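Proteins come first, then strands; the chains are lettered A, B, ... in the order of their sequence lines, and each starts at number 1. It should be emphasised that the depicted structure is a prediction, and the values quoted were computed from it without experimental measurement.
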Amino acid sequence: MPRAFALVDCNSFYASCEKVFAPALANRPVVVLSNNDGCIVARSAEAKALGIPMGKPLFQCEGLIKRHGVAVFSSNYALYGDMSARVMATLGRFTPSMEIYSIDEAFLDLTGMPIALTPYGRRIRETVLRWTGIPVSVGIGPTKTLAKVANKLAKQDPAFAGVLDLTGRLDREALLAKIGVEDVWGIGRQYAAMLERHGVRTALDFARLPRDFVKKRMTVGGLHTLLELNGVSCLPLEQAPAPKKSIVSSRSFGVPVTTLEDMREALAWHVSRAAEKLRAQHGLTSGLLVYVQTNTFIANEPQYAASDTTALPVPTAHTSELLRAGLKLLERLFKQGYRYKKVGVMLLGIEVSGSVQGSLLAPAKEESQRRKALMRALDQANAKWGKEMVRLAATGLKRSWAMRQERRSPRYTTMWAELPAVKAG
DNA sequence: TCTGGGGTCCTAGGACCC
DNA sequence: TCTGGGGTCCTAGGACCC
């Protein structure tokens, strides 16, 4: 049976979330910023129309923003995560199996649906909008890559009204010719530039390339893209998210950091976060990497960046063990006399807890049970009372390095105190 | 003044072993 | 002068995604 995948993608997701709770912004341009209020990472349709580019630093757009009264928000991940869960739950009603691909995208398996797919796509779109307030686009195709292409076309051409099914279309080639090769899923900037040099400009040009050329210059990933554009499904639907093989926590500082003390505090915070994520997936880490970095954007300042790794004697998920190892690394890396912009930690070689070999060096069983219980209590308290309410002392209270976040909307959906007020009468 | 964060996969090349 | 062949494991780097 021929396969059918739908890619459902939320339009301007973060900006749309902000609009849901601020009806006055309905037809106004809205942008959402990256962490630290640094770059523009989401733009409403009105903001795109003004020519505000994706990924631009905010301070380079101040003029445009002021002139047009653009509403600007710091990112509010508690809100977006919760809205995402609602959208995904809604989508789950339309398919026996789906893959949540990112915070604002999902692939739905529509193989063998006993209904015409275009009207089905319209129903999906209308239902999500009605139930969550979030507008989505729906692209349908015989492979995931073609579903992505269809989605892009559905957004690009208003005639499709947000839904396009490529599975039965005879004009598939003509439509592929309307997509730039750089907009094909799996082809990024570097490959696009290389292809351009060979006269490949559209998705159709690419789809017609010889296999061995693509395999040689773009490895097997590129070959899969080529085959998928020709209707050969190579990328399966991944229903269960694979456990992470590495976990990162890192963030730019709101202000430059110069002292070891502040660096220690910030690193401790990141180690705690990473360890929480690790325990959430029932993992144990066998190593960690710490890195420090100055602000590379400042040309006339001394620059320094360094990283180092350490292997743990026994894989662990215990915050204080990771803290000890991480701080030791930091002390080796830290050099006086620099203005640091960033510190981060990466957990490496993660194993599923339970599959770990015993070791003569492992703490006695009783001791490790006791520690596990402590960590569980910590995670539960954090979940109940809010993130960061309960932390190990080393993570500090000063937070002079904390990120800037000056324009965050209330956490409407996840904090009782910030529920939107509704005026009656 | 101000420039995000968190992931994956693939390949080449070196170390090491028999 | 000429210095095997093949396997595995690890790391670094480069590409991609959102």
Nucleotide pairing, DNA chain C (Watson-Crick or G-U, distances under 3.5 Å), in dot-bracket with [ ] and |: ....||||||||||||||

A:Asp212/A:Lys216 ion pair, N-O < 4.0 Å: no

More than 12 foreign heavy atoms under 6.0 Å from NZ of A:Lys48: is that the case here? yes

Partner residues of A:Phe213 under the ring-ring contact (aromatic ring centres under 6.0 Å, His included) criterion, sequence neighbours left out: A:His198

A:Val271 side chain reached by A:Ser249 side chain, heavy atoms, under 4.5 Å: no

Just wondering, do A:Arg3 and A:Asp109 contact through their side chains at under 4.5 Å, heavy atoms? yes

Between A:Asp9 and A:Ser137, a side-chain donor and acceptor under 3.5 Å: no

DNA chain B contacts among residues 35-53 of chain A, heavy-atom distance under 4.0 Å: A:Asn35, A:Gly38, A:Cys39

Does the side chain of A:Arg279 pick up a donor-acceptor pair with the side chain of A:Thr319 at under 3.5 Å? yes

Both A:Pro256 and A:Val220 contact DNA chain B. Which one's nearest nucleotide lies toward the 5' end? A:Pro256

So what does A:Ile187 hit on the nucleic acid, given a heavy-atom distance under 4.0 Å: a base, only sugar-phosphate, or nothing? sugar-phosphate

Can you give the first and last nucleotides of DNA chain B, 5' to 3', that have an atom under 4.0 Å from a heavy atom of chain A? B:dC2 to B:dT11

Any residue of residues 190-219 of chain A with a heavy atom less than 4.0 Å from an atom of DNA chain B: A:Thr219

Side-chain donor-acceptor pair present, A:Asn76, A:Ser409, cut-off under 3.5 Å: yes

Can you tell me how far C1' in C:dG4 sits from the matching atom in B:dC17, rounded to whole Å? 14 Å

Can you tell me if A:His318 and A:Thr316 form a side-chain donor-acceptor pair at under 3.5 Å? no

Flag the pair A:Val292 / A:Tyr304 as yes when at least one side-chain heavy-atom distance between them is below 4.5 Å, and no otherwise. yes

With no hydrogens and no angle check, do the side chains of A:Tyr338 and A:Gln293 hold a donor and an acceptor under 3.5 Å apart? no

Can you pull out the residues from residues 233-251 of chain A that lie within a 4.0 Å heavy-atom distance of DNA chain B? A:Lys244, A:Lys245, A:Ser246, A:Ile247, A:Val248, A:Ser249, A:Ser250, A:Arg251

Is a side-chain donor or acceptor of A:Asp205 paired with a backbone partner of A:Arg201 at a separation under 3.5 angstrom? yes

Polar side chain donor-acceptor pair, A:Thr259 to A:Glu261, under 3.5 angstrom: no

Keeping the roles fixed (side chain from A:Glu99, backbone from A:Leu237), state whether a donor-acceptor pair exists under 3.5 Å. no

For residues A:Phe5 and A:Phe107, establish whether the separation of their ring centroids is below 6.0 Å. no

